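Each remark here refers to the structure printed beneath this line.
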Amino acid sequence: MRVLAVAALAAVLVSACATTPPPAPVVRINEDPYPSTYVRYPGVPTVIRHATVFTGDGQQINDGTVVFANGIIEAVGGPGLPSPPGALEIDGTGKFVSPGVIDIHSHLGDYPSPGVEANSDGNELTDPVHPDVWAEHSVWPQDPGFSRALINGGVTTIQILPGSGDLFGGRSVVIKNVPGRTVQEMKFPGAPYGLKMACGENPKRVFGSHGKMPQTRMGNIALARETWIKAVKYKREWDNYYAHGGKMPDRDLAMDTLKGVLEGKILVQNHCYRADEMANMVDMSKEFGYHITAFHHAVEAYKIADLLRENDICAVMWADWYGFKMEAYDAIPQNIALVQNAGACAMVHSDDPNGIQRLNQAAAKAMAEGQRAGIPGLSESVAWEWLSRNPAKALGILDKTGTLTAGKMADVVMWNGDPFSDYSRPERVWIDGAEMYDANNPHKRPVSDFELGQPGEGDVK
Amino acid sequence: MIRSVVTALLLTVAVPAAAETIAITNATVATGDGSGPIQGGTVVIRDGRIVAAGQGVAIPPGALVIDATGKWVTPGIVAGFSRLGLTDVSGGAEGANDESADKGPFNAAIDIAPAINPNYQPIKVNRADGVTRAVVAPRAAHNIFAGQGAVIDTGADMDPITRARAFQFVELGETGASDAGGSRASAYVLFRNALREAAELSRFTGPVRSSAENGPTRATLQNPNESRIYGPNAERSRDVLLTRFDAAALVPVLQGRVPLLVHVERASDILNVIGLAHEFPALKFVIVGASEGWMVADRIAQSGIPVIASALNDLPASFEEIASTQSNVGRMRAAGVKVSIGMIDDDDAHKLFYERQYAGNLVALQKIPGATGISWGDALAMITSKPAEAIGLGGEIGRLSPGEHADVVIWSGDPLEVTSAAEHVFIDGVEQPLDDHQSRLLERYRYLPRTDLPKAYRP
């Protein structure tokens with residue numbers, strides 16, 4: 001409706017302007033045509049006391065207190081913090097409290113369960129250049145995987161990305177892990193879009209096998225550069241139009257996304273495994289004037305951790321995946337610890353509907369491997385940065401969530417033990433201060449539409 | 001101190017199966033038989049076998065003593081279902097993956113033993129994490145029968161095979177339906193026909209060999225791939241679908257001499273397998289997968305069929321796994337099913353070391369109201385002795401029990417915690433190297449700044 005109205009107005013004004021040069025720019029493209037309709041659910045003022053608290057920004061508070069109300073964290077500190085009037089008091093003795101886990105790399109909803117062809121909506125593999133597609137338009141909100149990520153993984157925020165078969169896979173969407181009827185009801189308010197880019201084996205395999213460019217890594221780079229050349233021209237046309245008016249340039253959905261990247265509004269989330277290829281991508285970003293926010297998978301980040309630090313690029317990594325393809329041959333379990341130690345931005349990710357349920361254990365592995373290798377400065381409180389703070393930074397939402405900091409969203413997990421242990425699980429999870437999971441209350445457990453009336457419906461998963 | 005002792009040990013046991021006696025003392029010991037860990041335990045190894053394990057075990061004179069104070073000692077992990085050793089790189093690296101023969105003419109006859117490469121990195125990586133044995137299955141290609149799997153060890157030597165042709169593997173669920181042309185119904189016809197063709201050939205198995213194990217009158221075959229049942233007198237009907245080799249490979253299955261591992265997930269498929277077990281009572285079925293096993297747990301238990309299950313499947317990832325829950329293993333265990341853990345189609349060539357994490361996660365379920373977890377002792381047994389028993393190697397591997405293979409791991413702590421690591425790994429009593437491609441890369445790139453020579457010159 002809004003789009004139609006804008007178009008109609010444009011038509012009227014363009015024709016009216018024809019006789020009065022120089023015309024002013026009259027059409028502004030709506031950059032948020034599928035806006036978030038997420039509204040936090042109600043909660044009660046809550047105080048958790050006597051828990052071990054990982055704040056998410058490197059601090060651990062023993063006998064800690066976390067206070068939240070109205071969806072917002074009010075205070076985090078020691079046992080002396082006062083409670084707001086009428087607050088629910090929770091004894092956290094023996095429990096651990098952390099920020100909600102953020103998975104920066106998921107395909108939930110786009111490659112949902114059941115993983116049948118009819119549900120396979122994660123990658124538009126019809127052309128290697130698809131910045132026009134938006135992952136949110138594939139998200140099936142009824143994917144049962146969302147609930148497992150919540151109750152087993154304590155995951156409160158997820159970036160859903162298109163797949164990596166294209167050089168430009170399309171836009172990502174960041175969601176709150178709160179069930180919705182529509183993806184709009186899940187979209188994280190105010191989170192910037194991401195652009196999925198890919199280097200390496202996948203694009204050249206997918207298209208090269210069809211005799212189409214790219215068939216090689218040099219083809220990957222050439223086609224990406226040609227695309228950026230078009231994007232720079234497109235942006236120049238629109239900049240000129242907005243500055244001086246005249247004939248409105250033709251809209252191009254793909255170029256809209258790349259223009260957003262060049263303007264710094266859309267964050268580049270770049271699938272890339274090998275060190276040499278990451279270096280090529282860094283040079284490409286400088287050639288065209290954009291910034292790479294994060295390299296995803298980044299199994300060889302440890303080889304160029306200095307380069308990543310100097311260019312302020314985060315590395316998104318697995319703890320221990322290796323060998324499943326050639327470009328993962330040099331994966332090592334100390335990758336995350338080495339990147340952290342180099343002063344670059346490190347984090348874990350899942351890329352997997354099972355792994356997303358155990359990201360805390362992935363961080364535990366990465367920490368332990370680093371410690372055993374003698375890499376200094378590693379502790380559980382530092383390792384928690386890999387689970388929430390650094391992903392929030394790389395999603396452009398660190399001002400809103402990712403640490404237990406007064407004024408941020410109350411995205412909070414209370415674990416029934418140390419989350420760096422295999423024996424611990426989330427006990428309660430709050431998103432924006434609303435309790436979305438309670439292990440002791442069967443009514444506080446989401447069940448997707450798909451699972452209704454099926455065997456095991458509502459089971460503890 | 002331990003390190004220096006063991007360095008000496010490494011020098012002295014360069015020859016496998018050296019007549020070495022080793023006593024690991026003062027450890028927290030778990031034997032893998034389902035019992036919990038005991039403090040102050042001793043494990044004695046001699047000539048590649050376990051002599052004793054537990055408290056109050058005497059240290060034989062002359063034994064090399066390893067003080068494992070503060071450490072945990074368990075049997076090596078037995079990967080209950082895997083493709084370990086068949087693959088170095090899964091995709092895009094032709095030549096480095098022998099999991100399936102999708103362009104070959106054979107199915108049940110396939111014997112994966114010669115495809116195992118003990119030098120592949122996944123063997124080293126898993127060894128370094130305490131995986132000492134693995135059940136290795138071929139992957140089905142265009143037939144429900146995938147072929148004959150093996151049990152291997154992960155030792156740093158060129159003899160990986162513990163038992164070749166240890167089992168036959170067949171797909172009878174969704175994959176089986178697809179391999180059979182599109183339906184489960186077709187898969188069952190193919191299955192019955194295959195057994196019919198095997199029965200026909202079994203009449204030509206030559207001189208009947210007696211063995212106490214099989215009774216005096218059972219026909220036996222040591223190696224169906226080399227048997228005289230291929231000889232000129234072994235006539236077959238004209239209406240056959242299988243090649244002679246494939247039918248012959250099923251003869252020992254038909255005779256119950258090797259287990260038949262059947263991959264099914266759906267509850268109704270599991271019941272179908274139990275039905276087959278009634279129809280073919282000589283066959284030794286083992287169910288693999290069983291994500292919906294909890295729904296028919298009592299009937300599985302009653303059948304006595306062992307199950308090698310995926311530990312944590314909790315997504316309705318396919319229409320045969322709609323009822324998946326992490327409580328599946330716990331519920332089957334509680335019902336009396338002989339259940340163990342495998343990595344069924346779950347990066348089964350690379351990440352067998354996930355089994356101990358998964359086992360720990362099953363223990364964690366004990367604290368969740370409404371969920372069914374398992375005890376620590378059961379969890380360890382499900383990744384050591386239980387898969388060995390399912391595959392017919394109970395008493396040989398998987399426990400710290402007198403006479404068993406001395407596959408022993410000294411861990412930095414509780415092995416079901418991912419933060420613990422394998423510090424010493426013994427296979428058949430031989431201490432194993434724990435370095436691999438990954439550990440070498442770590443050393444090369446630990447220090448990034450430029451030096452006098454490129455990093456390629458660093459060790």
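Per chain, numbering begins at 1; letters A, B, ... match sequence-line order. Computed from a predicted model, the values in this text were never measured in an experiment.
Of all the listed residues (B/E292, B/Q326, B/Q357, B/H350), the one sharing the greatest number of non-hydrogen pairs under 4.5 Å with chain A is B/H350. Ranked by non-hydrogen atom pairs under 4.5 Å with chain B, the options A/D320, A/N341, A/L338 are led by A/D320. Counting heavy-atom pairs closer than 4.5 Å to chain A, the top residue among B/R446, B/R444, B/Q121 is B/R446. Counting heavy-atom pairs closer than 4.5 Å to chain B, the top-ranked of the candidates A/E451, A/Q454, A/R358, A/E457 is A/R358. In terms of heavy-atom pairs under 4.5 angstrom with chain A, the leader among B/A93, B/P449, B/S318, B/A421 is B/A421. Among the candidates B/T87, B/D347, B/L365, the residue making the largest number of heavy-atom pairs closer than 4.5 Å to chain A is B/L365. Between chain A and the residues B/L416, B/D414, B/V363, the largest count of heavy-atom pairs under 4.5 Å involves B/L416. Heavy-atom pairs under 4.5 Å with chain B peak, among A/N440, A/N354, A/D330, at A/D330. For chain B, the option among A/G323, A/P455, A/G456 with the highest count of heavy-atom pairs below 4.5 Å is A/G323.
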Next item on the list: For the pair A/Y329 and A/Y322, evaluate ring-ring contact (aromatic ring centres under 6.0 Å, His included) and give the outcome as yes or no after the intermediate values.
Entry: CA-CA 6 Å; A/Y329 203 74; A/Y322 76 100; 8.6 Å; no
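In this structure, chain B has a heavy atom under 4.5 Å from the side chain of A/F450, while its backbone stays farther away. Neither the backbone nor the side chain of A/A362 comes within less than 4.5 Å of any heavy atom of chain B. Looking at A/Q334, the atoms closer than 4.5 Å to chain B (heavy atoms on both sides) all sit in the side chain, from C-beta outward. Using a 4.5 Å cut-off between heavy atoms, A/D459 contacts chain B through its side chain alone, with no backbone atom that close. For A/R205, no part lies under 4.5 angstrom from a heavy atom of chain B. For B/S324, the part lying near chain A is the backbone, with the side chain staying farther off; criterion is any non-hydrogen pair under 4.5 Å.
Under the 3.5 Å distance criterion, the side-chain polar atoms of A/D103 are matched with a main-chain donor or acceptor of A/S350. With hydrogens and angles disregarded, no donor-acceptor distance shorter than 3.5 Å links the side chain of B/Q366 to the backbone of B/T372. For the pair A/D143 (side chain) and A/S113 (backbone), a donor-acceptor distance under 3.5 Å is present. One N or O on the side chain of B/K455 and one on the backbone of B/L448 form a donor-acceptor pair closer than 3.5 Å. Between the side chain of A/N123 and the backbone N or O of A/S164, at least one donor-acceptor pair lies under 3.5 Å. Under a 3.5 Å cut-off, the side chain of A/D351 and the backbone N or O of A/S106 do not form any donor-acceptor pair. Distance alone, capped at 3.5 Å, places no donor-acceptor pair between the B/R266 side chain and the B/A290 backbone. A/N360 places a side-chain N or O within donor-acceptor distance of the main-chain N or O of A/P419, the cut-off being under 3.5 Å. Not one N or O on the side chain of A/R428 forms a donor-acceptor pair closer than 3.5 Å with the backbone of A/Y437. Although no hydrogens or angles enter the test, the distance criterion places a donor-acceptor pair under 3.5 Å between the side chain of A/E201 and the main chain of A/M326.
Among B/L315, B/T325, B/N313, the one residue that satisfies the side chain to side chain contact (heavy atoms under 4.5 Å, CB included) test with A/K461 is B/T325. Considering B/V125, B/L441, B/N126 in turn, B/V125 is the only one that fulfils the side chain to side chain contact (heavy atoms under 4.5 Å, CB included) rule with B/D436.
Of all non-hydrogen atoms in B/V418 and A/A364, the two that sit nearest each other are CG2-CB, 3.9 Å.
A/N152 is linked by a side-chain hydrogen bond (donor to acceptor under 3.5 Å, both in side chains) to A/Q357, A/R425, B/D314, counting only residues two or more places apart in sequence or in another chain. Under the ring pair (Phe, Tyr, Trp, His ring centres under 6.0 Å) criterion, A/W321 pairs with A/W318, A/F324, not counting sequence neighbours.
Classified by interplanar angle (parallel below 30°, tilted 30° to 60°, perpendicular above 60°), the ring pair B/W72/B/W376 is tilted.
The contact list for residues 367-374 of chain A toward chain B, using heavy atoms and a distance under 4.5 Å, reads A/M367, A/A368, A/R372, A/A373 by residue number. Heavy-atom proximity under 4.5 angstrom to chain A picks out B/S327, B/R331 from residues 327-335 of chain B.
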